[in-house]
Participant: 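What follows is a structure written as structure tokens; I'll ask about it next.
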Amino acid sequence: QVQLVESGGGAVQAGGSLRLSCAYSGLPDSNYYLAWFRQAPGLEREGIAGIYARDGFIYYAEFVKGRITISQDNAKNTLDLRLDTLKPEDTAIYYCAAFNGPWLGWPSTLPEKWFDYWGQGTQVSVSS
């Protein structure tokens with residue numbers, strides 16, 4: 001049974017930083033994708049970062065590139081996301097997601113439909 005559990009969300013002022021973490025378990029082999037999505041109030045969920053676990057290939061959405069860093073610890077089965085220079089528009093629920101599959105490359109936008117497994121989400125609130 002695959003489980004993903006996010007932590008590290010909270011309230012922060014604009015310009016600040018946060019580190020989110022996702023503890024995952026149950027993925028059957030090393031051929032899996034891990035990603036962070038977010039959903040702001042009234043908007044659709046959007047993919048912001050991903051990593052292919054076996055090879056470390058990384059994806060960043062253009063609209064957040066330069067302000068976020070994704071990292072993975074294979075030994076601890078954790079996926080982290082560091083958010084820097086936060087803006088009020090970064091306020092959202094942040095989700096960790098995963099699916100198993102061979103390396104296909106990253107598309108221009110991260111498709112939610114690829115991902116079979118989801119965490120419960122962690123709230124990030126940025127005040128101006």
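One-based numbering along the sequence shown. The figures that follow rest on heavy atoms only: side chains count, while hydrogens, waters and symmetry mates do not.
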Participant: Looking at Ala98 and Leu4, what are the two nearest heavy atoms and their distance?
Facilitator: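 Scanning both residues, the minimum pair turns out to be N-CD1, 3.9 Å.
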
Participant: Rounded at 0.5 Å granularity, tell me how far CD1 in Ile93 sits from CD in Gln123.
Facilitator: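 With rounding to 0.5 Å, CD1 (Ile93) is 5.0 Å from CD (Gln123).
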
Participant: Which atom names give the shortest non-hydrogen contact between Tyr24 and Leu79, and what distance separates them?
Facilitator: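 Looking at all heavy atoms of both residues, the shortest contact is CE2-N, 3.9 Å.
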
Participant: Centroid separation under 6.0 Å, is that true for the rings of Trp36 and Tyr95?
Facilitator: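 No; Trp36 has its ring centre 6.0 Å or more from that of Tyr95.
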
Participant: Would you tabulate the side-chain donor-acceptor contacts of residues 112-120 under 3.5 Å, counting partners in other chains and residues two or more places apart, or write 'none'?
Facilitator:
{"residue": "Glu112", "atom": "OE2", "partner": "Arg45", "partner atom": "NE", "Å": "3.1"}
{"residue": "Glu112", "atom": "OE2", "partner": "Arg45", "partner atom": "NH2", "Å": "2.7"}
{"residue": "Trp118", "atom": "NE1", "partner": "Phe115", "partner atom": "O", "Å": "3.2"}
{"residue": "Gln120", "atom": "NE2", "partner": "Glu6", "partner atom": "O", "Å": "3.4"}
{"residue": "Gln120", "atom": "NE2", "partner": "Glu6", "partner atom": "OE1", "Å": "3.4"}

Participant: Got a second to check how far Glu89's CD is from Leu86's CG, nearest 0.5 Å?
Facilitator: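 One finds 10.0 Å between CD of Glu89 and CG of Leu86.
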
Participant: Answer yes or no: is there a donor N or O on one side and an acceptor on the other, between the side chain of Ser21 and the main chain of Ser7, under 3.5 Å?
Facilitator: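 A pair under 3.5 Å: no.
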
Participant: Applying the 4.5 Å side-chain criterion to the ILVMFWY set and letting contacts propagate, would Leu34 and Leu104 be lumped into a single cluster?
Facilitator: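 Leu34 and Leu104: separate clusters.
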
Participant: Is a donor on one side and an acceptor on the other found under 3.5 Å between the side chain of Tyr32 and the backbone of Pro102?
Facilitator: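 Between the backbone of Pro102 and the side chain of Tyr32 there is no qualifying donor-acceptor contact (under 3.5 Å).
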
Participant: Tell me the closest heavy-atom pair linking Gly47 and Ala61, and the distance in Å.
Facilitator: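 Heavy-atom minimum between the residues: O-CB, 3.6 Å.
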
Participant: Could you label the plane-to-plane angle of the Tyr52 and Trp103 rings as parallel, tilted or perpendicular, counting under 30° as parallel and over 60° as perpendicular?
Facilitator: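 Judged by the thresholds at 30° and 60°, the geometry between Tyr52 and Trp103 is tilted.
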
Participant: Apply side-chain contact (heavy atoms from CB on, under 4.5 Å) to residues Tyr59 and Leu110 and explain how you reach the verdict.
Facilitator: CA-CA 8 Å; Tyr59 163 92; Leu110 204 53; 3.9 Å; yes

Participant: Quick one: are Leu83 and Asp90 in side-chain contact, heavy atoms under 4.5 Å?
Facilitator: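 Answer no - side chains too far apart.
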
Participant: About how many Å separate SG of Cys22 and CD of Gln3, when rounded to the nearest 0.5 Å?
Facilitator: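 Spacing of CD (Gln3) from SG (Cys22) equals 11.0 Å.
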
Participant: My understanding is that only residues two or more places apart in sequence, or in another chain, count here; which of them pass salt bridge (Lys or Arg N to Asp or Glu O under 4.0 Å) with Lys65?
Facilitator: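 Testing Lys65 for salt bridge (Lys or Arg N to Asp or Glu O under 4.0 Å), a comparison that skips the adjacent residues, returns Glu62.
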
Participant: What pair of heavy atoms forms the shortest contact from Asn77 to Asn74, and how long is it?
Facilitator: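 Reported closest heavy-atom pair: OD1-O, 3.0 Å.
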
Participant: Test Thr69 against Leu81 for side-chain contact (heavy atoms from CB on, under 4.5 Å), laying out the working first.
Facilitator: CA-CA 6 Å; Thr69 305; Leu81 183 72; over 6 Å; no

Participant: Distance-only, no hydrogens or angles: does the Arg67 side chain make a donor-acceptor pair with backbone N or O of Thr85 under 3.5 Å?
Facilitator: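 Yes; at least one donor-acceptor contact below 3.5 Å.
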
Participant: Starting from the C-alpha separation in whole Å, work towards a yes-or-no answer on side-chain contact (heavy atoms from CB on, under 4.5 Å) for Ile70 and Ile68.
Facilitator: CA-CA 7 Å; Ile70 190 171; Ile68 66 172; over 6 Å; no

Participant: If you take all heavy atoms of Ala14 and Ser128, which pair is closest and at what distance?
Facilitator: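 Nearest pair, atom of Ala14 first, then Ser128: CB-CA, 4.2 Å.
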
Participant: Would you tell me whether Thr78 and Asp73 have side-chain atoms, one donor and one acceptor, within less than 3.5 Å of each other?
Facilitator: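 No donor-acceptor contact under 3.5 Å links the two side chains.
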
Participant: Determine, for Arg82 against Asp80, whether the closest basic-nitrogen to carboxylate-oxygen distance falls under 4.0 angstrom.
Facilitator: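 No, no charged N to carboxylate O under 4.0 Å.
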
Participant: Can you check whether Leu20 reaches Thr122 side chain to side chain, under 4.5 Å on heavy atoms?
Facilitator: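 Answer yes - side chains close enough.
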
Participant: How far apart are the closest heavy atoms of Arg19 and Ser71, and which atoms are they?
Facilitator: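 Heavy atoms of Arg19 and Ser71 come nearest at NH1-OG, 4.2 Å.
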
Participant: Hey, does Tyr60 have a side-chain heavy atom less than 4.5 Å from the side chain of Ile48?
Facilitator: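 Counting from C-beta outward, Ile48 and Tyr60 never come under 4.5 Å.
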
Participant: Glu44 and Phe37: side-chain contact (heavy atoms from CB on, under 4.5 Å), yes or no, with the steps?
Facilitator: CA-CA 10 Å; Glu44 294 186 350; Phe37 286 75; over 6 Å; no

